[in-house]
Amino acid sequence: AGGIPMVEIKAAGGAPDVGGAAIPTLAGRILEAQSAEVDGVSGATFTSQAVLDAAAQAVAQASGQEVMAAPKAEGDNLFIPGTYSGTSKGFGGDVDVTVTVSEKSIDDIKIDGSHETENIGSFAVDMLDDRILEAQTPNVDALTGATVTSNAVFRALNDALVLAGADLSKFPTVTKEAGGEKTSEELETDIV
């Protein structure tokens, strides 16, 4: 009768207490929603996005959609220079992200979340572009209170960056903490 009967997520590496702990929660959310368009797990943005991207691709393949292989940047370049777009379902409708990249940097990002809730989702749209540009990674914290919109921005951005030839596993996670910003590598060291 169709649907998603089971979700099995296999992950290697990463912080077991952070990303590893998020995996069962994500599997449950995907099964309940019967979709990969679910919220990530707070504090495990990088793992959440990787899982949701892989789940979306698996669902697309299972439904008979042709899933194209994405191009890859050459050598030690992060991107194939150009402007790329991605779209994902937010709280109130589609969130569109357009990103301009050079070989080694994210140069510009425009987020259109005009259907998102004013003063909540729109706040996320206004704040995330600066955070992403400053951190030079799509793996920044979701804005508290605007998780659905934030995750839609991240999914759309990741789709655009994959089209730009990016290997998403090469980007660090940057999270805000009381003592300042920490990268995923520093967080894993703190956890051990």
* To do: Indicate, with yes or no, if Val148 and Ile120 share a hydrophobic cluster defined by side-chain heavy-atom contacts under 4.5 Å among Ile, Leu, Val, Met, Phe, Trp and Tyr.
  =>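 Ile120 does not cluster with Val148.
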* Same hydrophobic cluster for Leu161 and Ile111, using side-chain heavy-atom links shorter than 4.5 Å among ILVMFWY? ->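 The answer is yes; both residues are in one hydrophobic cluster.
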Shortest non-hydrogen contact between [X] and [Y], atoms and distance:
X      : Y      : answer
Ala135 : Val174 : CB-CG2, 4.1 Å
Asp159 : Gly86  : CB-CA, 4.4 Å
Ile106 : Val101 : CA-CG1, 4.1 Å
Ser85  : Ala160 : C-CB, 3.6 Å
Gly113 : Val125 : CA-CG2, 3.8 Å

* Asked: Donor-acceptor pair, Arg155 side chain versus Ser150 backbone, under 3.5 Å?
  ->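 Judged by distance alone, no pair lies under 3.5 Å.
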* Asked: Do side-chain atoms of Glu103 reach the backbone of Ile80 as a donor and acceptor pair under 3.5 angstrom?
  ->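 Checked: no pair found.
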* Asked: Going by distance alone, is a donor N or O of one side chain under 3.5 Å from an acceptor N or O of the other, for Asp96 and Thr87?
  ->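 On atom types as modelled, these side chains qualify, holding a pair under 3.5 Å.
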Supply the atom-to-atom distance [X] [atom1] to [Y] [atom2], rounded to the nearest 0.5 angstrom.
X      : Y      : atom1 : atom2 : result
Phe154 : Ile132 : CZ    : CD1   : 6.0 Å
Asp126 : Leu143 : CG    : CG    : 10.0 Å
Leu157 : Thr137 : CG    : OG1   : 8.5 Å
Thr149 : Lys89  : OG1   : NZ    : 11.0 Å
Asn77  : Lys104 : CG    : NZ    : 4.5 Å

* So, Asp108 and Lys110, do they make that salt bridge, N to O below 4.0 Å? ->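 A salt bridge is present here (some side-chain N lies under 4.0 Å from a carboxylate O).
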* Salt bridge between Asp141 and Arg131, side-chain N to carboxylate O under 4.0 Å? ->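 A salt bridge is absent here (no side-chain N lies under 4.0 Å from a carboxylate O).
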* Side-chain touch Val99/Thr83, heavy atoms, less than 4.5 angstrom ->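 Side-chain contact under 4.5 Å: no.
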* Residues in side chain to side chain donor-acceptor pair (under 3.5 Å) with Asp112, at least two apart? ->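 Counting only residues at least two positions away or on another chain, Asp112 forms a side chain to side chain donor-acceptor pair (under 3.5 Å) with Ser114.
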* Excluding sequence neighbours, so at least two apart, what forms side chain to side chain donor-acceptor pair (under 3.5 Å) with Asp107? ->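 Applying side chain to side chain donor-acceptor pair (under 3.5 Å) to Asp107 gives Ser102, Ser105.
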* **Qualifying ring-ring contact (aromatic ring centres under 6.0 Å, His included) pairs with a residue from residues 70-112, counting only residues at least two apart or across chains** =>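 For residues 70-112, and leaving out neighbouring residues, the ring-ring contact (aromatic ring centres under 6.0 Å, His included) pairs sorted by first residue read Phe79-Phe171.
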* To do: Please lay out, stage by stage, how Glu116 and Ser122 fare under the test side-chain hydrogen bond (donor to acceptor under 3.5 Å, both in side chains).
  => CA-CA 6 Å; Glu116 298 306 283; Ser122 61; over 6 Å; no
